Each structure stands twice: as structure tokens, then as C-alpha cells.
Amino acid sequence: MRFAARALDVHPRVAMQILRHSKIAVTLEVYAHVPPEATRRALRKLGKHLGQQDPE
């Protein structure tokens with residue numbers, strides 16, 4: 001079922017309703033996954049907004 005929830009690629013609240021979780025925290029704790037590259041992209045973007053140069 002974890003694969004199915006990620007494959008939906010929908011807003012967490014939608015997944016919560018489909019999976020019939022009573023709290024969003026359950027859905028996010030079980031199904032949320034952030035790949036390392038996504039974290040790096042977000043940090044580079046934040047750095048640009050804060051006026052820092054990209055180290056690459």
C-alpha cells in the first residue's frame with residue numbers, strides 16, 4: 001500500500017482521505033519520503049533567495 005500512496009502523487013490531504021486516516025500526521029509519518037536530491041535542490045533555491053552563491 002505504501003507504493004500505491006506515493007504513486008498517486010496527490011496532496012497529502014487527498015491521500016489521507018483515500019486511506020481513511022483520522023489525522024494527517026499518520027499519513028505523513030507513514031508515506032512521506034523526501035529524496036536527498038530534492039533536499040539539495042531546496043537548499044540551493046533557499047540559498048539563492050538569501051543571496052548566497054551556489055557552491056557548484
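These numbers come from a predicted model, not from an experiment. What you see below is based on every heavy atom in this structure, not just the backbone, and it leaves out hydrogens, waters and symmetry mates.
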### Task
Could you grab the distance from atom CZ of Arg44 to atom NZ of Lys48, nearest 0.5 Å is fine?
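Between Arg44 CZ and Lys48 NZ, I get 7.5 Å after rounding to 0.5 Å.
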### Query
Roughly how far apart are Gln17 CD and Thr27 OG1, rounded to 0.5 Å?
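Going from the CD atom of Gln17 to the OG1 atom of Thr27 covers 9.5 Å.
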### Message
Quick one, Arg40 and Glu37 - any side-chain contact, counting heavy atoms below 4.5 Å?
### Response
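Yes; the side chains approach each other to less than 4.5 Å.
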### Message
Just checking Glu29: does its CD atom have more than 12 heavy atoms from other residues, nucleotides or ligands closer to it than 6.0 angstrom?
### Response
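Result for CD/Glu29: open.
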### Task
Is it possible for you to say whether Met16 and Leu28 belong to one hydrophobic cluster, with membership spreading through side-chain heavy-atom contacts below 4.5 Å?
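Result: yes, single cluster for both.
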